[in-house]
Amino acid sequence: MRQILDSLLRDALHSLEDSEGWTGLAETSPELERSRDPRHGDFTSNVALRVAKRHGQKPREFAEALKGRLAASELVESVEVAGPGFVNLRLSAEAIHREIRRMLAEGESYGSSDAGGGRRVLVEYVSTNPTGPLHVGHGRNAAYGASLANLLRTTGHTVDEEYYVNDAGRQIDILAASVWLRYVEALGNALPFPENAYQGGYVRDIAARLVELEGAALCSDLGPVAAVLGPATDGGKESLGETDAANADSGEDTDERMDRLIAAIRRSAGEDAFNTVLDAALTDILADIRDDLEAFSVRFDHWFSERSLTGGGAVERALKTLAADGHLYENDGATWFRSTALGDDKDRVVVRENGATTYLASDIAYHLDKCERGYDVMLNVLGSDHHGYLARLKAAVEALTGHGERLEARLVQFVVLYRGDVKAQMSTRSGEFVTLRALREEVGNDAARFIYVSRSNDQHLDFDLELAKSQSIDNPVYYVQYAHARIASMLRRLAEDGLSRPDAASVDLGALEQPEERALMVALGRFPELVRLAADNRAPHHVVHYVRAIAAEFHAWYNAQRILVDDAAVRDARVTLALAVRCVIRNALRLVGVSAPESM
RNA sequence: GCGCCCGUAGCUCAACCGGAUAGAGCAUCGGCCUUCUAAGCCGAGGGCUGCAGGUUCGAGUCCUGCCGGGCGCGCCA
């Protein structure tokens, strides 16, 4: 429908161009928008305001001339020039009814399009370090990324969803060390547990499983480890040994000591034992993450391992590629990526003085791999705290392929949990954070996903647990789901009464004469445009706001008009409208991963 | 200090490429259930869109400068 109106307008502009000798009209995009105010018709165009002056015309005069050139169409009931020079179109009943019939004919696919032309998009999201369970912040990233992938797929993109597993590097070593210490502890050897090790209870769980599987096999001479940790503290705050408070507060010092701890464990337990611990930890945590996401209706096509890059020579190859084009140089014993030449504010180390490659080096290799897989768009969904990292990554993609623009990042702002008015504190370090799993169990998957994407991704999100949990008017999810359930219930009643559903293809919708019915039908017909808008803007929250508005219009209508009336013509028309509402609500909720229940 | 994001009703947020009188929910107040689910509906009040300039037919939206908040600025990941 939108396209037909667009071309009507464009034809009229062409016609004006020919008859008046005004050039450049066809190049102006037609600027057809949905009217906000029903008094301004259903669609409105501001072309006259934009171009009239250029041709020495007053906007209203131009608008009148344009109106005169608009070809008659069975889709348009009236054309009006209004205000400073807007051209307002009002849809005909035929146009509206046709769209309703289309909804019912297309069903699940109503709203989808081939706008993306099959372009290949890789959406990388969540990608948290597998050093612990997902928390509520990751949940937002997951909900946003999954909804975005749905939107892109629905608008004709070929989408892959990918989780980059940072299963290499220092954080993972710290995790392994943490588990090993808990393992040793479980075997009855109390050693001090450093503050900058992973404190969460899941570390003990993994250690306990290791004890079951391996017995004491992973534990040998504790001497060197104990030497690094210092004497066990009795009760109270556990801390790094041999240090006073001032030393413990110095980041470099504790970091260095952690490195010595890891080295000591590797030596005393042996490389094999250390790797067994590390693998067990990764396996457990990844299984938990995968299970958690699965239950949240978030499924990835690929789980891409960082270790597969570092172990397979991909990092060396990527660096060689950069070096070949002169993007690398040596300084202070390290190898640097000249990212400043490509927009970054400082150059970045890719190979450290000690010969180890950096996280960035892995990420460069990872993105080279993405590029080689031939994606048109690499869409990375990141926590807002990673924004400082983007410039160097963009520089890397540009250096590798000359197509830095293919990397597109979307930042998801933080989530602040509230319980009523009380802020629920989360801290990864202390292990006291709220997990996604706990959140899901408390408020349910539907409420969680709905609320997560109800705000623009670059807006901080206040997530009120009480609100999400409440089975009441307060909860926006139920409001929408309730509309769907009411329709389902009405349909059951229809069947119980032995009445058949109207045939969508032939039903006469002329009985829908109320202004609210017309408004509801027009709003439903906007769904395909809404889906495109949300996909183009990477803004799934539009879907949430839209479907809420549809639910509101439906509830109002439902309260004002009885659907199952005796008059068969009226009843058929109303049932058809209800079916159309059901179709759009279902499709919209599916996009954001929320169920559409038959009853509540 | 530099960089990115954000300041809209008492609270939480919308506002499609810059459009016409800035909209919802919550909270407050007043109404509606012998009829399809009251997890619903109808109505009322509530605004200098942080401040000051600029751009133009038109600015919550774009530009500049302030003020306020969040985050980031490792040979960490």
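Residue numbers begin at 1 in each chain, while the letters A, B, ... track the order of the sequences.
Between the P atom of A14(B) and the CG atom of L533(A) lies a distance of 14 Å, rounded to the nearest Å. With rounding to whole Å, N46(A) atom CG is found 18 Å from U61(B) atom P. Atom CZ of R36(A) and atom P of A22(B) are 11 Å apart (whole Å). The CZ atom of R170(A) sits 12 Å away from the C1' atom of C75(B) (whole-angstrom rounding). For the pair E256(A) CD and C75(B) C1', the computed distance is 14 Å after rounding to whole Å. For the pair R2(A) CZ and C16(B) P, the interatomic distance rounds to 14 Å; values are reported in whole Å. Whole-Å rounding puts the N559(A) CG to G40(B) C1' distance at 5 Å. Residue R532(A) contributes atom CZ, which lies 13 Å from atom P of C17(B) at whole-angstrom precision.
Across all strands shown, the partner of C66(B) is G50(B), judged by Watson-Crick or G-U wobble contacts whose two distances both fall under 3.5 Å. Applying the Watson-Crick and G-U wobble criteria (two distances, each under 3.5 Å), C76(B) pairs with nothing in any strand. For A38(B), there is no paired base (Watson-Crick or G-U wobble, both distances below 3.5 Å). Base pairing analysis places U28(B) opposite A44(B); the two distances defining the Watson-Crick or G-U wobble pair are each below 3.5 Å. Look at C71(B): its Watson-Crick or wobble partner, with both distances under 3.5 angstrom, is G3(B). Using the Watson-Crick or G-U wobble rule with both distances under 3.5 Å, A22(B) pairs with nothing in any strand shown. Pairing partner, G58(B): none, since no Watson-Crick or wobble contact has both distances short of 3.5 Å.
Here H387(A) does not pack flat against the base of G72(B), since the 5.5 angstrom centre distance and 30 degree tilt limits are not both met. Per the stacking criterion (ring centres < 5.5 Å, plane angle < 30°), F86(A) stacks onto the base of A20(B).
Residue Y478(A) places no side-chain N or O under 4.0 Å from the OP1 or OP2 atom of A38(B). Dashed line: the shortest gap from a side-chain N or O of Y482(A) to OP1 or OP2 of A39(B) is under 4.0 Å. Contact check, R486(A) against A38(B): a side-chain N or O comes under 4.0 Å of OP1 or OP2. OP1 or OP2 of C76(B) lies within a sub-4.0 Å distance of a side-chain N or O belonging to R352(A). For A14(B), one of the phosphate oxygens OP1 or OP2 lies less than 4.0 angstrom from a side-chain nitrogen or oxygen of Q459(A). At C2(B), none of the side-chain N or O atoms of K346(A) fall inside 4.0 Å of OP1 or OP2 (strictly under the cut-off). H542(A) has a side-chain polar atom (N or O) that falls below the 4.0 Å cut-off from OP1 or OP2 of A15(B). Here N537(A) reaches the OP1 or OP2 of C17(B): one of its side-chain N or O atoms lies under 4.0 Å away. In this model, the phosphate group of A15(B) is approached by a side-chain N or O of H541(A) to a distance below 4.0 Å at OP1 or OP2.
Side chain of R582(A) to main chain of H484(A): no donor-acceptor pair is present (N/O by atom type, distance under 3.5 Å, no hydrogens or angles). Between the N88(A) side chain and the G41(A) main chain, no donor and acceptor come within less than 3.5 Å of each other.
Distance check on atom P: U8(B) versus G68(B) gives 16 Å, rounded to whole Å. G46(B) and C11(B): their C1' atoms are spaced 12 Å apart (whole Å). Nucleotides C67(B) and A20(B), compared at atom P, are 32 Å apart to the nearest Å.
A salt bridge links E124(A) and K370(A); the closest N-O separation between the charged side-chain nitrogens and carboxylate oxygens is under 4.0 Å.
Aromatic pair F554(A)/Y558(A): ring centres closer than 6.0 Å. Taking the six-membered ring where the residue is Trp, the centroids of H542(A) and H545(A) are separated by 6.0 Å or more. Close placement of the F527(A) and Y546(A) rings is indicated, their centers lying within 6.0 Å of each other.
With hydrogens and angles left out, the side chain of D173(A) and the base of A77(B) share no donor-acceptor pair within 3.5 Å. With hydrogens and angles ignored, a donor-acceptor pair closer than 3.5 Å exists between the side chain of T44(A) and the base of A20(B).
Base orientation of C17(B): syn, since the glycosidic angle falls within 90° of 0. Taking the syn range as angles within 90° of 0, the glycosidic angle of C51(B) is outside it, so the base is anti.
Ring pair H460(A)/F414(A) is perpendicular by interplanar angle, where above 60° counts as perpendicular and below 30° as parallel.
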